[in-house]
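Since the model is a prediction, treat every value here as computed from it, not as a measurement. These values consider heavy atoms only, across backbone and side chains, with no hydrogens, waters or symmetry-generated copies. We count residues from 1, following the sequence as given.
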Amino acid sequence: MLIPHDTRIALETVVDLVNTAPEAGADDGLADVPALYAFAERNRISGVGTLGDKDLRAVREVRSRFAAIFAATDAPTAAELVNGLVAAAGTTPQLTNHDGYDWHVHYFAPDASVSDHLAADCGMALAFIVVAGEQERLRRCEAPDCRDAFVDLSRNRSRRYCSSRTCGNRLHVAAYRARRREAAG
């Protein structure tokens with residue numbers, strides 16, 4: 001699946017945003033405005049400006065709408081959720097080149113709030129996944145103690161864990177040790 005650079009960045013951003021949600025007793029990764037600034041900086045979100053509690057509440061709402069898209073069990077449901085998200089953001093597609101990036105499309109107005117920026121750009125990235133018939137690539141980690149979101153961009157859609165270095169490796173080592181104990185016992 002060929003994904004343009006700006007769409008890949010938007011997909012990485014939406015995954016990071018969804019993974020800030022408090023899950024199973026974990027802390028909220030967007031607990032306060034400084035955490036929102038850190039998220040924006042980590043994801044190189046341009047034109048953020050001054051952020052406040054209103055922005056934090058709006059981004060948390062967008063985050064929950066993205067989580068619902070990851071939880072959608074079929075393409076029509078995902079499409080309906082994406083359409084609502086993108087429409088509410090008031091998309092305004094325009095070509096831009098900034099911060100060392102070549103020409104790419106922004107789907108938000110230049111003065112858009114950070115929540116509309118995320119809803120429009122990341123929503124369109126998810127729209128491209130649904131349009132390509134690849135909605136099943138929007139997944140949650142299969143490790144029993146992890147529910148992080150990820151986009152499976154493997155060639156054969158076989159990725160099961162958010163990270164093969166952490167969750168995948170930990171489960172493979174545990175399975176190996178269990179086989180060794182069984183063989184020894």
Side-chain angles (χ1 to χ4, degrees), residues 1 3 7-45 51 53 55-82 84-85 114-115 118-119 121-123 125-130 132-185:
M1 177 174 182
I3 298 177
T7 302
R8 186 177 296 266
I9 289 173
L11 290 171
E12 291 169 359
T13 300
V14 75
V15 164
D16 188 23
L17 180 60
V18 170
N19 289 338
T20 65
E23 295 274 338
D27 293 334
D28 190 336
L30 293 178
D32 52 25
V33 174
L36 179 56
Y37 275 114
F39 170 83
E41 184 177 324
R42 182 171 66 246
N43 289 284
R44 300 182 67 188
I45 298 173
L51 299 174
D53 288 332
D55 297 296
L56 181 60
R57 285 189 301 276
V59 170
R60 285 178 178 162
E61 172 60 28
V62 167
R63 174 180 69 186
S64 68
R65 295 178 79 180
F66 281 133
I69 295 166
F70 273 80
T73 57
D74 56 47
T77 302
E80 182 179 341
L81 293 168
V82 169
L85 185 67
V114 69
S115 61
L118 290 167
D121 263 9
C122 297
L126 293 175
F128 293 136
I129 295 291
V130 174
E134 302 286 351
Q135 185 249 333
E136 72 276 2
R137 290 182 182 269
L138 306 178
R139 299 198 176 151
R140 292 286 187 158
C141 185
E142 291 182 19
D145 59 342
C146 179
R147 295 294 301 145
D148 278 358
F150 67 94
V151 179
D152 179 4
L153 297 178
S154 67
R155 186 173 290 181
N156 62 357
R157 297 177 192 93
S158 62
R159 189 169 157 197
R160 298 174 47 211
Y161 307 110
C162 63
S163 170
S164 60
R165 289 185 176 172
T166 55
C167 291
N169 189 49
R170 185 170 29 84
L171 288 174
H172 288 109
V173 167
Y176 170 78
R177 289 180 179 158
R179 287 191 306 272
R180 298 282 297 199
R181 278 192 306 273
E182 187 176 302

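Contact detail for A72 and T77: the closest heavy-atom pair is CB-CG2, 4.0 Å. I45 and F39 get closest at one heavy-atom pair: CD1-CE2, 3.7 Å. Closest approach of S154 to R157, counting heavy atoms only: OG-N, 3.2 Å. Contact between C167 and C162 at its shortest, heavy atoms only, is SG-SG, 3.7 Å. Nearest approach of A68 to L81, heavy atoms of both residues: O-CD1, 3.5 Å. Of all non-hydrogen atoms in L17 and L118, the two that sit nearest each other are CD2-CD1, 4.1 Å.
D27 CG to T20 OG1: the interatomic distance, rounded to the nearest 0.5 Å, is 12.0 Å. Between atom CZ of residue F66 and atom OG1 of residue T13 there is a gap of 9.5 Å, rounded to the nearest 0.5 Å. In this structure, CG in D121 is found 8.5 Å from OG1 in T7, a value given to the nearest 0.5 Å. For the atom pair CZ of R137 and CG of L11, the computed distance is 11.0 Å after rounding to the nearest 0.5 Å. Separating the CZ atom in F128 from the CZ atom in R8 is a distance of 14.5 Å, to the nearest 0.5 Å.
Not one N or O on the side chain of Y161 forms a donor-acceptor pair closer than 3.5 Å with the backbone of A143.
In this structure, the side chains of D32 and D53 stay at 4.5 Å or more apart for every pair of heavy atoms. The shortest distance between side-chain heavy atoms of E136 and E134 falls below 4.5 Å. At least one side-chain heavy atom of L30 sits less than 4.5 Å from a side-chain heavy atom of L56. By the 4.5 Å heavy-atom criterion applied to side chains, I129 and V82 are not counted as neighbours.
Applying the salt bridge (charged side-chain N to carboxylate O under 4.0 Å, His left out) test to D152 and every residue at least two apart in sequence or in another chain returns R139. Residues passing the side chain to side chain contact (heavy atoms under 4.5 Å, CB included) test with V130, sequence neighbours excluded: A75, A78, A79, Q135. Under the rule for a salt bridge (charged side-chain N to carboxylate O under 4.0 Å, His left out), R155 has no partner lying at least two apart in sequence or in another chain. A search for salt bridge (charged side-chain N to carboxylate O under 4.0 Å, His left out) contacts involving E12 returns nothing, not counting sequence neighbours. Judged as a salt bridge (charged side-chain N to carboxylate O under 4.0 Å, His left out), and not counting sequence neighbours, R159 has no contacts.
Applying side chain to side chain contact (heavy atoms under 4.5 Å, CB included) to C122 and the options V14, I9, V15 leaves one that passes, V14.
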| request: For I69 and L85, run side-chain contact (heavy atoms from CB on, under 4.5 Å): C-alpha distance rounded to whole Å, both residues' side-chain angles, the deciding distance at 0.1 Å, then the answer. | output: CA-CA 10 Å; I69 295 166; L85 185 67; 4.1 Å; yes
| message | Using side-chain contact (heavy atoms from CB on, under 4.5 Å), reason through F70 and V151 one step at a time and then give a plain yes or no. | response | CA-CA 9 Å; F70 273 80; V151 179; 4.2 Å; yes
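For residues 57-71, the set of pairs meeting the salt bridge (Lys or Arg N to Asp or Glu O under 4.0 Å) definition, not counting sequence neighbours, comprises D28-R60, D28-R63.
Around CZ of R44, the count of heavy atoms belonging to other residues, nucleotides or ligands within 6.0 Å does not exceed 12.
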